[in-house]
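Every chain is numbered from 1 and lettered A, B, ... according to where its sequence line falls, protein lines coming before strand lines. What you see below is based on every heavy atom in this structure, not just the backbone, and it leaves out hydrogens, waters and symmetry mates.
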Protein chains: 2
Amino acid sequence: MDIRTRLLETAEQLFDRHGFNATGMDRLTEGAGISSRTLYKHVGSKNGLIAAVLNERDRRFHRLVEEDSIDALFGALETWLAQEAVRGCLFLRAWGETGGDVPEIAEAMERHKQRLRGRISDIVVAEISQHDDELVETIQLLFEGATHMAAYRGVATVDVARRAAQRLANAARAS
Amino acid sequence: MDIRTRLLETAEQLFDRHGFNATGMDRLTEGAGISSRTLYKHVGSKNGLIAAVLNERDRRFHRLVEEDSIDALFGALETWLAQEAVRGCLFLRAWGETGGDVPEIAEAMERHKQRLRGRISDIVVAEISQHDDELVETIQLLFEGATHMAAYRGVATVDVARRAAQRLANAARAS
DNA sequence: TGCAGTGTAAAACGATCACTTTACCTTCGC
DNA sequence: GCGAAGGTAAAGTGATCGTTTTACACTGCA
């Protein structure tokens with residue numbers, strides 16, 4: 001496997017499990033099986049590594065939600081949560097730990113949330129054949145809520161969010 | 001003002017603004033205007049301080065939601081977000097930064113979420129005159145979602161969450 | 001009068017942080 | 001067969017971390 005890929009995958013797991021600040025460079029290099037010199041050649045700095053992890057995660061997430069349906073959206077979240085022991089949104093966590101003061105991290109977070117909203121907007125049009133900003137925002141609320149509630153209540157909460165989204169979409173379709 | 005109160009208020013602001021790990025003891029003692037010896041006399045350790053901050057915040061939050069109505073719940077969240085520049089749920093943030101490995105912090109988080117759920121459960125009974133676990137969970141999803149979306153989209157998102165909760169409660173009442 | 005309690009300032013603790021440096025080894029295209 | 005590219009291990013950089021210690025000042029109660 002490619003060194004960079006291995007590094008990003010290891011880092012993502014460690015960051016999620018222990019937090020960003022609490023994960024030292026030693027643990028990262030040891031986990032990825034590379035020297036610290038190589039790590040710095042590839043990502044420049046720890047913040048660079050965090051940003052790279054987030055951007056790769058964003059790409060992976062959107063590859064997971066390709067179909068334009070509410071079911072696909074929450075199905076993706078379920079898969080997402082099952083294969084990674086997420087403790088809330090990793091983008092918001094990185095942003096919070098750095099106080100919003102690291103541009104590359106703040107931008108990665110912002111970009112991810114924008115893309116998420118775009119996706120949901122497409123889904124709403126596909127589901128009810130018209131634009132409805134309130135419905136988009138509500139589904140995003142449910143999605144964001146499920147992401148964080150799953151951290152302390154388990155994946156089952158995603159189903160509740162999905163059903164609520166579908167009920168609201170049905171109501172919007174009827175009107 | 002009481003030393004302990006001043007310490008907890010300062011710490012809460014600094015933790016929220018910069019994150020827990022990134023806020024050193026120097027900044028805390030300087031911010032509260034006390035010596036490090038006094039700080040350790042009062043809270044024992046940094047983790048003790050974090051736990052104390054969370055528990056005090058929990059008490060303050062529940063004092064804010066005394067009325068049993070959906071409107072009061074989201075109204076409280078709005079007040080909450082307006083007077084503190086929150087970057088997501090401070091309980092989940094503390095829990096995430098410490099990897100869930102610090103018992104006193106994990107317990108503070110768990111207790112807060114349990115109490116929140118209890119409150120919402122009471123609200124549902126007051127609003128639709130019967131128990132409805134699915135509705136409770138959905139309202140919690142909207143609440144949790146609003147807490148985190150407000151971090152990057154502003155307080156306005158709370159209104160959307162409130163309206164969705166009310167619509168779902170109305171539907172549950174009718175059935 | 002004296003002493004316990006509570007506070008201060010400031011230095012020191014060892015550990016750990018992100019990051020750099022030095023010196024050496026392998027691999028591969030020309 | 002040579003040089004550049006890209007890797008390793010390991011020591012060292014200065015700064016900062018959470019925490020403890022030393023030495024001293026003020027207050028209020030017995």
Contact between A:Phe91 and A:Ile105 at the side-chain level, heavy atoms closer than 4.5 Å - yes or no? no
Base, sugar-phosphate alone, or nothing: which one does [X] contact when heavy atoms must sit under 4.0 Å apart?
{"X": "A:Thr23", "result": "sugar-phosphate"}
{"X": "A:Gly48", "result": "nothing"}
{"X": "A:Gly33", "result": "sugar-phosphate"}

CD1 of B:Ile34 versus C1' of D:dA25: gap in Å, rounded? 18 Å
Rounded to whole Å, the NE2-P distance (A:His18 to C:dT16) equals 15 Å
Closest approach to the side chain of A:Lys46, judged atom by atom: which nucleotide of D:dA10, D:dG18, C:dA18 is it? C:dA18
Counting heavy atoms from C-beta on, name the nucleotide in C:dT22, C:dC19, D:dT19 closest to the side chain of A:Ser45. C:dC19
Does a donor on one side chain sit under 3.5 Å from an acceptor on the other, for B:Tyr152 and A:Glu144? yes
Can you work out whether A:Arg37 or A:Tyr40 has the more 5'-proximal nearest nucleotide on DNA chain C? A:Tyr40
Check whether any side-chain N or O of A:Arg173 sits under 3.5 Å from a backbone N or O of A:Glu127 as a donor-acceptor pair, and report yes or no. yes
Test salt bridge (charged side-chain N to carboxylate O under 4.0 Å, His left out), reference A:Arg60, set A:Glu66, A:Glu84, A:Glu9, output is A:Glu84
